[in-house]
Structure formats: C-alpha cells, structure tokens
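Single-structure report; data block below.
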Amino acid sequence: MKSILAALLAATISTSAAYAGDIADRAADAEKALQAGDGAGALEKFRGAEEALWQAMPLAVQNVKQVDTASGFGIYSERANHIYKPGEKVVLYMEPVGYGYGSDGLGNSQIALSVDLTVLSDSGEALGTFEKIGSVQVASRSHNRELFFKLDLSLDGLPPGKYKCNFLMHDQNSAKTAPFSTDIEIAS
C-alpha cells in the first residue's frame with residue numbers, strides 16, 4: 001500500500017513539475033521573442049505559456065459579488081449590502097478560471113459550467129441542496145479566458161434571518177469542481 005501511495009505522490013509531483021517547466025520554458029521563449037523585437041510572436045508564445053498554466057490549474061471561482069446588474073466581464077454594479085426583502089432575487093456575478101474546453105461539433109471550443117447550491121442557516125444547519133441551479137455554455141473559435149457567470153437566485157420561502165449559500169461549480173468538460181460561498185440576510 002505504501003508503494004502505491006508513494007508512486008501516486010511521485011506521479012503528482014512530476015506532473016506538476018512538468019507543467020511548471022513547460023510554463024516557464026514557454027514564458028522564456030516569449031521573453032526572447034520580445035527582446036528580439038517580435039512583439040506579436042512574443043504574445044503568441046506567452047499565450048502558449050498561459051494555455052499550459054490554464055490546463056494545469058484547478059477550477060476556481062474568483063471575484064464573487066452580489067450585484068444589482070451584470071452585463072459583461074468586469075461590467076457590473078455591486079450591491080450596496082447583502083440584505084434582501086422576502087422574495088427579492090439574489091444576483092451573483094463571478095469569474096470562473098481553469099475550466100476545460102469541449103467541442104460544440106461545429107469547430108468551436110465550448111465552455112460548459114453548472115452550479116449547485118446548499119443553503120445553510122445561521123447556525124450551520126443545511127436547509128436544502130439544489131443541483132444545477134444555473135449553467136453557462138459558450139462556444140468560441142478561441143479559448144476564451146475572460147468569462148463571467150451571472151446567477152439569478154430565487155430564495156422564496158426563506159424566513160427572515162442570516163444564511164450562508166455554499167456553491168459548487170462543475171466543469172462539464174472535465175472532472176474539475178470549485179466550491180465558493182456568500183452570505184445573505186433576509187430582512188423581516
């Protein structure tokens with residue numbers, strides 16, 4: 001058993017080291033191209049380093065915000081507080097990173113993500129879990145990195161009080177998942 005665990009650990013470390021070497025090598029090639037005056041070539045080589053990094057990294061969710069509106073990547077109006085009237089919609093803005101790419105069958109790369117939600121009371125009691133409450137699919141000719149995910153939540157029926165919303169994002173193109181959370185309050 002110890003030898004199997006040691007082999008798995010060695011494989012994990014060598015895989016991470018291989019990615020790190022590939023990323024560093026590609027970034028060094030980009031720097032050489034830039035020093036040679038080839039800005040466009042340097043950018044292309046740097047994108048290769050970014051692609052290697054993206055494939056090696058886990059799925060993560062950055063910049064989770066409760067918002068009034070969201071219409072594009074980095075284009076949102078953050079909500080002044082996390083207090084909602086009964087029945088009022090909770091709108092979340094988030095920026096997933098590290099997702100995989102599938103195919104839409106038409107020659108495009110496809111990003112496909114979904115989100116599950118577990119609502120917890122202020123005391124930590126799980127009040128309910130809801131699978132695939134939101135999803136996004138984007139088809140593109142390139143591997144887009146600037147993706148925003150807007151999620152509209154209807155939490156009708158929650159009595160006044162404070163709650164924690166625990167989410168789990170799923171990448172439909174890989175086995176990657178990413179947890180994230182936010183707190184809300186339903187006013188009396």
Side-chain angles (χ1 to χ4, degrees), residues 23 26-27 30 34 39-40 42-120 129-156 158 162-174 176-187:
I23 295 164
R26 290 175 187 227
L34 186 60
L43 184 57
E44 189 60 34
K45 290 183 184 303
F46 192 78
R47 286 184 179 142
E50 180 186 34
E51 181 71 22
L53 171 67
W54 195 269
Q55 289 177 13
M57 70 187 293
L59 179 66
V61 183
Q62 300 178 323
N63 203 23
V64 178
K65 305 287 184 192
Q66 293 179 33
V67 300
D68 292 317
T69 62
S71 59
F73 184 84
I75 305 170
Y76 59 87
S77 172
E78 192 167 355
R79 187 178 169 91
N81 61 50
H82 298 178
I83 302 170
Y84 297 84
K85 298 174 193 163
E88 185 178 5
K89 265 195 177 148
V90 176
V91 181
L92 295 179
Y93 168 94
M94 64 204 82
E95 298 169 357
V97 295
Y99 44 80
Y101 301 93
S103 173
D104 70 353
L106 301 172
N108 296 308
S109 293
Q110 185 170 46
I111 302 163
L113 303 165
S114 66
V115 176
D116 300 340
L117 165 65
T118 299
V119 178
L120 303 173
T129 297
F130 310 92
E131 294 182 354
K132 293 189 177 181
I133 59 165
S135 63
V136 64
Q137 287 189 339
V138 176
S140 174
R141 293 282 179 191
S142 63
H143 284 184
N144 292 9
R145 306 274 194 250
E146 289 187 348
L147 175 73
F148 84 102
F149 191 133
K150 180 182 160 209
L151 184 62
D152 295 331
L153 293 176
S154 175
L155 299 175
D156 286 340
L158 280 180
K162 294 182 179 183
Y163 299 91
K164 178 176 276 305
C165 296
N166 287 341
F167 298 90
L168 185 63
M169 182 171 284
H170 299 270
D171 180 2
Q172 304 301 309
N173 294 310
S174 74
K176 295 178 180 181
T177 60
F180 62 99
S181 64
T182 192
D183 294 324
I184 65 162
E185 182 176 343
I186 305 297

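Computed over heavy atoms, backbone and side chain alike; hydrogens, waters and symmetry mates excluded. Numbers here simply count residues along the sequence, with the first being 1.
Partners of Ile75 by side-chain contact (heavy atoms from CB on, under 4.5 Å), not counting sequence neighbours, listed by chain and number: Ser71. Scanning for ring-ring contact (aromatic ring centres under 6.0 Å, His included) contacts around His143 gives Tyr101, with sequence neighbours left out. Scored by the side-chain contact (heavy atoms from CB on, under 4.5 Å) test, Lys164 finds Leu120, Asn166, Ser181, Asp183 as partners (sequence neighbours excluded). Applying the ring-ring contact (aromatic ring centres under 6.0 Å, His included) rule to Phe148 yields the partners Tyr93; only residues at least two apart in sequence or on another chain are considered. Evaluation of the salt bridge (charged side-chain N to carboxylate O under 4.0 Å, His left out) rule for Glu78 yields no partner, not counting sequence neighbours. Tyr163 is linked by a ring-ring contact (aromatic ring centres under 6.0 Å, His included) to nothing, counting only residues two or more places apart in sequence or in another chain. When the side-chain contact (heavy atoms from CB on, under 4.5 Å) test is applied to Thr177, the partners found at least two apart in sequence or on another chain are Leu168, His170. Checked against side-chain hydrogen bond (donor to acceptor under 3.5 Å, both in side chains), Gln172 has the following partners two or more places apart in sequence or in another chain: Ser114. Lys65 pairs by the salt bridge (charged side-chain N to carboxylate O under 4.0 Å, His left out) definition with nothing, not counting sequence neighbours. Applying the side-chain contact (heavy atoms from CB on, under 4.5 Å) criterion to Val136, with sequence neighbours excluded, gives Leu113, Val138, Phe149. By the salt bridge (charged side-chain N to carboxylate O under 4.0 Å, His left out) test, Glu88 pairs with Arg79, sequence neighbours left out.
Going from atom CE of Met57 over to atom OH of Tyr99 covers 10.0 Å, rounded to the nearest 0.5 Å. Here the CD1 atom belonging to Ile186 is positioned 12.5 Å from the NE2 atom belonging to His82, to the nearest 0.5 angstrom.
Residues Leu34 and Gly39 share a closest heavy-atom pair of CD1-CA, 4.2 Å. Pairing each heavy atom of Arg141 with each of Gly107, the nearest pair is NH1-O, 3.2 Å.
Sequence neighbours left out, the pairs with a member in residues 142-151 that pass salt bridge (Lys or Arg N to Asp or Glu O under 4.0 Å) are Glu50-Arg145, Glu51-Arg145.
Within the 4.5 Å cutoff, no side-chain heavy atoms of Leu153 are placed close to those of Phe130. Here the side chains of Leu155 and Leu117 are in contact, with some heavy-atom distance below 4.5 Å. Between Lys162 and Glu185 the shortest side-chain heavy-atom distance falls below 4.5 Å.
Between the Asn63 side chain and the Met94 main chain, no donor and acceptor come within less than 3.5 Å of each other.
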- Message: Working note: Lys132 + Asp116, criterion side chain to side chain contact (heavy atoms under 4.5 Å, CB included); need CA distance, chi angles, decisive distance, verdict.
- Response: CA-CA 5 Å; Lys132 293 189 177 181; Asp116 300 340; 4.1 Å; yes

